[in-house]
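What follows is a single structure, written as C-alpha cells, with notes after it.
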Amino acid sequence: MMDKYDVNKIREDFPILSREVAGKPMVYLDNGATSQTPRRVVEEIERIYTHTKANVHRGVHTLSQEMTDMQEQTREKIRSYINASSIEEVIFTRGTTEGINLVASSFGSRFKEGDEIILTVMEHHANIVPWQLLRDRTGIVIRVVDINDKGELDLDQYRSLFNDRTVMASFCHVSNVLGTVNPVKEMVEFAHSRNVPVLIDGAQAAPHMYVDMQDIDCDFYVFSSHKMYGPTGIGVLYGKKKWLEEMPPYQGGGEMIGKVTFEHTTYADLPFKFEAGTPDFVDIAALSKGIDFIEEIGMDNIAVHEKELLDYTQKKMMEIPGLRIYGTAAHKDAVISFLVGNIHPYDLGLLLDKQGVEVRTGHHCAMPLMDRFGIPGTVRVSFAAYNTIEEADALIAALKRAVAILG
Ligand SMILES: *Cc1c(COP(=O)(O)O)cnc(C)c1O
C-alpha cells in the first residue's frame, strides 16, 4: 500500500488522462459510466494476445493450461476481493446487466403468478427491466420503495412492503445518480428475517468501497469490470452456493455441461454451470491487474481521496447561484448530479465538453428516478482514484463560464 496518496504517480498509469479535448487538458469526470484503464491492464491484454492466447478448459496443451490458470487466478482474486466463501460462488458474466438477467431468469423461474418482488425507485434500468420481463412471463408483481427528498430510501416503507407473497428483494448498493449508499446490511438482515433472498446491484460500490459478502450476507451480488479499472465486456455474479446449486442453467452450450446425449444432458459443477460458451478469458485474466491496481493503493485510501473530492466539489458548486444537487444523503459516494436554473443538462454538458470537461448528462438509465424528481435528466460528475482537486477546480471554473453563457 502507498504511504501517502500520490495522485500524480497514480495518474502515470493512465496515459489517456494526459490527452486533450477541445484544445484543453482533458478532465475526465464520467467514471460512473466507465473508469479509465491502467496501463498494466492494457499491457496484460497485449501480452496475452501476443504470448498465451488459447481456449480455456478444453486442451491438454501448454497454452490452454496457462490461459486456464490465468482465468482461474482472477476468479480466486475476485473471491478474495469480495470475501466469498469459495470460487464456486464467483461466476463470470458480461457485466452487471447480464448478472441480473441471469438471476431474474434462472432464480426467477421458481416464482409464480402473484409473487412479489421489491425494487426501489433509484434502480438502474438494469435492475428494473429484467424483472419486468420476468413479470411478463410469470405474472409476478413488482413493488417499489420510494426515497425522501435527500435521496435516501424510505426504510419504513421498505419493511412495510414485505408480506407472505414476497419472494425477492433487489436493490442497488450505491445509486449511480444520487450517490446514496444504501444500508444494505440492515436491508438484507430484514429481508432474511422474512425468509426473502436479496440481490444487490453493486456496480457503483465495488469500485469505491470494500464489499464483503460474509458481512453483507446477501444472496446475490453483481458488478462490472469496466467501472473498476478492468477491461470492458466482463463482470461478476456472486451467488450463495446453495442457490446456485438449485438454480437451472441460464444458457446452454459448451463449457457448462457434464455429459451430453440427445436424450439427456448433465451440467458441469459450479461455477461453470453458469458459464456457457467460450468466456472472455483474455479480459477476465487482465481484470486481475485492475484488482492489483486497487489493492496497491488500498481501497480505504481511495475512499478517503474520493470523499475529499466529493466534499470539496459540492461545497464549491453550492456557491453557484441556482445550482441544485440531486442526492444529498448523509452517506454518499463520489457522484454529484445537479442542474442549474432552467438550463437543460445537455446544453451544460456540451459547454463543459468544449472546455475539456467530460461529464455525463441525461437520465443515467434511471428514468423512474428522474420522474420521481420531475426532471428530464441531470448533469453528473463522478470521481475515481486518479481525479485531482485541480480537476475539481477546472470543473467549477468551466461550469461558471457555461452558466454565464447559458443562464
Ligand atoms: C452501470 C450500472 C449498471 C449496468 O452495468 P453494465 O456494465 O452496463 O452492465 C447497473 N447498475 C448500476 C447501478 C450501474 O451503475
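Note that these values count all heavy atoms, side chains included, but never hydrogens, waters or copies made by symmetry. Whatever order the structure lists them in is the order used to number ligands and atoms, beginning at 1.
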### Task
Return the residue, atom name and 0.1 Å-rounded distance of the protein heavy atom closest to atom 8 (O) of ligand 1.
Thr97 OG1, 3.7 Å
### Pro231 backbone acceptor or donor facing Ser225 side chain under 3.5 Å
yes
### Query
When you measure from atom 15 (O) of ligand 1 to every protein heavy atom, which one gives the shortest distance, and what is it?
Gln204 NE2, 2.6 Å
### Query
Which bit of Glu98 gets closer than 4.0 Å to ligand 1, counting heavy atoms only: side chain, backbone, both or neither?
neither
### atom 14 (C) of ligand 1: the protein heavy-atom neighbour that sits closest, reported with distance to 0.1 Å
Lys227 NZ, 3.0 Å
### Message
So if I count the atoms of ligand 1 from 1 in the order they appear, which ones are less than 4.0 Å from some heavy atom of Thr96?
### Response
4 (C), 5 (O), 9 (O), 10 (C)
### Query
Under 4.0 Å from ligand 1, counting heavy atoms only, is it the side chain of Cys172, its backbone, both or neither?
neither
### Close-contact set for ligand 1 against Ser224 heavy atoms, below 4.0 Å
5 (O), 6 (P), 7 (O), 9 (O)
### Under-4.0 Å heavy-atom contact with ligand 1, by part of Asp201 that carries it
side chain
### Query
Are the side chain of Thr378 and the backbone of Ser337 linked by a donor-acceptor contact shorter than 3.5 Å?
no
### Query
Say you draw a straight line from CD1 of Ile147 to CG of Asp154; how long is it, rounded to the nearest 0.5 Å?
10.0 Å
### Query
Using the ring of each side chain (for Trp, its six-membered ring), is Phe373 parallel, tilted or perpendicular to Tyr326, with breaks at 30° and 60°?
perpendicular
### Task
Report the distance from atom CE of Met318 to atom CZ of Arg324, rounding to the nearest 0.5 Å.
10.5 Å
### Message
Main chain of His57, side chain of Thr68: is a donor-acceptor contact present, judged purely on distance under 3.5 Å?
### Response
yes
### Task
State whether the side chain of Arg79 and the backbone N or O of Ala84 hold a donor-acceptor pair below 3.5 Å, judged by distance alone.
yes
### Query
What do we get for Arg94 next to ligand 1 when only non-hydrogen atoms under 4.0 Å count, side chain, backbone, both or neither?
neither
### Query
For ligand 1, which atoms sit closer than 4.0 Å to a heavy atom of His226?
7 (O)
### Query
Side chain of Asn31, backbone of Ser382: donor and acceptor closer than 3.5 Å?
yes
### Task
Look at ligand 1 and say whether Glu123 reaches it with a heavy atom at a distance under 4.0 Å.
no
